[in-house]
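Worksheet for the structure shown next.
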Amino acid sequence: MKQFLSVKDVPNLPILVNEALSQKRNPFANKQLGKNKTLGLLFFNASLRTRLSTQKAAQNLGMEVMVMNVSQDSWGLEMQDGAIMDGDKAEHVKEGAAVIGQYCDIIGVRSFASLTDKEKDIQEEVISQFVKYAGVPIISLESALRHPLQSLTDVITIEEYKTKQKPKVVLTWAPHPKALPQAVPNSFAEWMNASQVDFVITHPEGYELDKEFVGNAKVTYNQKQAFEGADFIYAKNWSSYTSYGQILSKDPAWTVNAEKMKLTDNAKFMHCLPVRRNVVVMDEVLDSPNSIVIPQAGNRVWAAQAVLKQLLSSI
Amino acid sequence: MKQFLSVKDVPNLPILVNEALSQKRNPFANKQLGKNKTLGLLFFNASLRTRLSTQKAAQNLGMEVMVMNVSQDSWGLEMQDGAIMDGDKAEHVKEGAAVIGQYCDIIGVRSFASLTDKEKDIQEEVISQFVKYAGVPIISLESALRHPLQSLTDVITIEEYKTKQKPKVVLTWAPHPKALPQAVPNSFAEWMNASQVDFVITHPEGYELDKEFVGNAKVTYNQKQAFEGADFIYAKNWSSYTSYGQILSKDPAWTVNAEKMKLTDNAKFMHCLPVRRNVVVMDEVLDSPNSIVIPQAGNRVWAAQAVLKQLLSSI
Amino acid sequence: MKQFLSVKDVPNLPILVNEALSQKRNPFANKQLGKNKTLGLLFFNASLRTRLSTQKAAQNLGMEVMVMNVSQDSWGLEMQDGAIMDGDKAEHVKEGAAVIGQYCDIIGVRSFASLTDKEKDIQEEVISQFVKYAGVPIISLESALRHPLQSLTDVITIEEYKTKQKPKVVLTWAPHPKALPQAVPNSFAEWMNASQVDFVITHPEGYELDKEFVGNAKVTYNQKQAFEGADFIYAKNWSSYTSYGQILSKDPAWTVNAEKMKLTDNAKFMHCLPVRRNVVVMDEVLDSPNSIVIPQAGNRVWAAQAVLKQLLSSI
């Protein structure tokens with residue numbers, strides 16, 4: 001593996017999943033692998049799980065970690081080629097990325113979608129520039145369009161908890177007070193489509209995801225129908241892709257509750273977190289034994305560790 | 001020891017003090033103990049001594065440390081059970097604490113008193129929620145009501161510098177331009193009451209501390225009387241507990257100066273720092289040979305290291 | 001070496017340069033030297049290269065590193081002796097520096113020039129106070145007047161790329177939208193004057209640097225004449241020293257471009273970064289094979305590592 005931006009970078013998904021589960025059983029078995037190697041983690045946006053789990057994963061592999069909040073610790077990066085830099089941005093990503101590449105063996109980058117400039121978001125401007133200029137492998141810590149460490153985590157978690165060969169996995173939209181990116185649902189869909197599951201997406205009209213990610217998934221506006229017989233319910237809010245970045249609905253009828261969970265085949269409840277309690281999902285579901293959001297978050301370490309191990313092996 | 005929130009969590013104070021002094025003599029003797037263990041340090045408020053000394057202590061024990069400024073690096077945490085989270089707070093502490101507990105073996109939390117909501121402060125809402133939900137041992141890095149790592153440091157420092165079996169220790173209120181929490185004086189009182197000292201508290205009327213912390217200490221409004229024959233003067237400002245969070249006095253007559261120090265039995269001057277020079281205490285005292293504020297601050301490492309060692313031994 | 005604030009602290013520059021190049025060839029050869037030693041990095045100002053490269057250098061030597069953004073993570077430090085601290089500043093540098101010295105074996109401090117108070121800037125107030133009170137060796141991570149880790153890097157880089165015994169090195173002023181300190185040009189001049197080079201400074205009238213730093217350098221207002229036959233072009237903006245902190249010119253005629261580079265003897269282009277593209281220097285120069293700004297930035301690690309190694313050897 002030369003980079004980790006999407007499922008397309010994974011040569012063999014089942015091998016990567018097994019690697020993650022193997023790291024989980026034996027977290028410190030490869031502590032020599034990362035010796036004298038440095039992971040840089042660059043945050044253009046806030047982070048809790050990604051920040052801590054990736055740091056932990058790197059330390060388990062014996063790596064040094066340097067964390068930087070780009071705007072707080074440093075200064076704005078100009079992304080545009082040919083820019084006349086007489087404004088706010090003090091450094092061009094051409095230099096910024098290349099310089100960080102001089103100090104780090106692998107770089108993780110988090111940069112959310114703007115939700116205002118669809119064109120730039122689709123081009124994944126920030127992470128693409130890092131890939132182009134850093135000169136070392138790049139790991140996405142969530143880009144404008146994808147959150148692959150989360151999605152690998154989700155695949156691992158489903159693998160651990162599934163009780164059927166081919167479980168029914170439902171990605172359901174849920175309401176939220178703020179406009180959120182499509183990165184998590186996009187990425188989840190992409191990885192589910194690469195897995196052995198019966199995959200269904202349900203959301204209100206107007207919340208269609210980009211076809212590139214939806215692939216062959218079944219899509220329905222009928223949430224209750226979607227829930228029927230499901231083995232995993234994966235809730236997530238996202239803003240509209242077609243009416244880009246807009247909130248078209250805050251309809252509480254889409255909130256996941258105990259009644260809807262009864263329609264499932266005793267489904268496990270998943271969410272990438274952070275989750276708005278009693279808006280996205282009711283306490284009664286999150287606090288039920290069927291909620292696996294905490295072990296799911298715990299698996300972020302093993303996803304990151306499997307990815308770092310594969311990248312370390314290739315440098 | 002299963003957690004470190006107050007002196008009540010210490011099974012045997014003299015043993016803990018000896019442990020700290022033993023770590024001080026031989027800082028790296030237990031470097032294997034923390035191997036492959038991670039300490040998370042969460043700051044809801046600013047920190048210098050606590051941040052660096054606890055990090056240093058953990059590193060001396062071979063632990064990895066992950067530091068997070070909660071509001072800067074991440075997002076606001078909802079503390080209220082049952083909240084409908086459609087406002088500013090993106091994550092509930094139920095998830096936040098449990099997730100961090102997935103990545104860390106021990107978690108340190110700093111969260112100051114609001115000084116506006118006495119009820120919540122008394123409940124020690126933030127640290128209590130972490131204790132409830134994190135699933136791993138919690139260390140207080142200063143909570144609404146207590147600062148136990150500071151108080152253990154103070155006990156160690158008095159142990160090192162005392163010249164009598166039962167020294168006279170005076171906690172004196174001093175003026176300050178801003179309203180400060182009662183955590184340090186509360187905690188100092190609680191630990192002094194658990195130690196072999198003759199303990200006196202002096203402050204202006206209206207600055208009475210909660211009886212729970214005062215215990216059997218002698219309390220007087222007469223600062224000069226209190227200073228007479230003292231072996232240790234511990235200065236600290238706090239805002240009123242009865243008129244909660246209010247500044248009732250900025251009277252410079254309470255500033256600690258050389259003249260007052262002459263009333264003591266050649267007392268050592270202590271302060272938890274940061275200290276407002278020439279407001280809380282005059283330069284002439286802080287810069288005198290009797291001031292032990294710097295070695296006192298240095299002892300923060302050994303207090304933290306003794307606590308971490310005992311917690312590591314129990315997990 | 002007891003501290004690293006300027007070239008004057010270097011007992012033997014050629015030995016230090018060789019040390020840096022030796023560390024570069026064998027980065028992990030001295031991993032035992034820094035064992036159980038802690039480097040504190042204090043940033044009063046933003047940093048990317050200095051932050052990451054110094055951290056990396058310390059880790060290569062086996063040190064632990066604790067990084068602190070002073071104003072974000074902690075609180076303002078009072079610098080004035082005798083201050084009555086009833087204002088914004090919660091801690092005096094006398095305590096702040098001494099306390100950090102209790103937790104760290106070496107302390108790096110970054111504190112830029114104010115550009116408003118020439119007197120204070122010339123006194124290098126912040127770093128001087130740390131030297132006075134910390135009780136451990138201080139490394140400048142850029143002070144009001146100097147940036148010695150950058151200058152050592154520049155000396156190393158010229159040593160690596162020079163093709164003549166005594167190359168011609170030109171420091172050229174270039175336009176910039178904001179008022180910048182003189183630290184980099186001051187320091188570069190100081191180190192060039194200590195090296196075996198033919199050193200020329202060129203800038204518009206009014207941009208004369210302090211004579212202390214200029215030394216015996218040739219100074220000319222004629223940029224093109226300066227470029228003739230040059231082996232290294234080092235571009236940098238600075239604000240006026242005589243009209244202190246003022247921007248006297250943004251004249252684009254001073255921007256470094258391909259045409260001017262043709263006047264040189266196939267000169268390498270250097271800059272300390274971050275650089276404003278198409279303001280300080282045109283893309284055509286930065287993106288040409290003669291630009292060595294990225295390997296120059298990479299050398300920051302080896303400069304820091306050589307300095308840390310010498311300081312570690314002396315404590």
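Letters A, B, ... are given to chains in the order of the sequence lines, protein chains preceding strands, and every chain is numbered from 1. Please read these numbers as outputs of a predicted model, since none were measured by experiment.
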Which atoms of Met66(A) come close to chain C, meaning under 4.5 Å heavy atom to heavy atom: side chain ones, backbone ones, both, or neither?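 Its backbone and side chain both get close to chain C.
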Side chain, backbone, both or neither: which part of Asn69(A) has a heavy atom under 4.5 Å from chain C?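 Asn69(A) has no heavy atom closer than 4.5 Å to chain C.
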Please identify, among [options], the residue contributing the most non-hydrogen atom pairs under 4.5 Å to chain A.
options: Leu286(C), Val280(C), Asn278(C); result: Asn278(C)
options: Arg300(C), Lys31(C), Lys178(C); result: Lys31(C)
options: Val275(C), Val67(C), Val65(C), Val293(C); result: Val275(C)

So for atom CD, which belongs to Glu284(C), do other residues, nucleotides or ligands contribute more than 12 heavy atoms lying within a distance under 6.0 Å?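 Check passes, neighbour count above 12.
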Asn299(C) vs Lys24(C), side-chain hydrogen bond (donor to acceptor under 3.5 Å, both in side chains): CA-CA, chis, key distance, verdict: CA-CA 8 Å; Asn299(C) 280 339; Lys24(C) 184 172 184 172; 2.8 Å; yes
Is Arg51(C) close enough and on-axis enough to Phe43(C), meaning under 6.0 Å and within 45°, for cation-pi?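 Output yes; distance and angle both within limits.
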Contact class of Asn60(C) relative to chain A, heavy atoms under 4.5 angstrom: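 For Asn60(C), no heavy atom lies under 4.5 Å from chain A.
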Between Pro295(C) and chain A, which part of the residue has a heavy atom less than 4.5 Å away: side chain, backbone, both or neither?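 The backbone, not the side chain.
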Do you know which of Glu78(A), Lys94(A), Lys89(A) has the most heavy-atom pairs with chain C at a distance under 4.5 angstrom?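 That would be Lys94(A).
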Heavy-atom pairs under 4.5 Å with chain C - which of Ala83(A), Gly101(A), Gly40(A), Gly96(A) has more of them than the others?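 Heavy-atom pairs under 4.5 Å are most numerous for Ala83(A).
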If you measure only the distance, is there a donor-acceptor pair under 3.5 Å linking the side chains of Asp121(C) and Gln182(C)?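 No.
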State yes or no: are the ring centers of Phe232(C) and Tyr161(C) separated by less than 6.0 Å?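 That pair fails the under 6.0 Å test.
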Arg49(C)/Glu91(A) salt bridge by N-O under 4.0 Å criterion: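 Arg49(C) and Glu91(A): salt-bridged.
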Would you compute the distance between atom NE2 of His176(A) and atom CH2 of Trp238(A) and round it to the nearest 0.5 angstrom?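 If I round to the nearest 0.5 Å, the distance is 13.0 Å.
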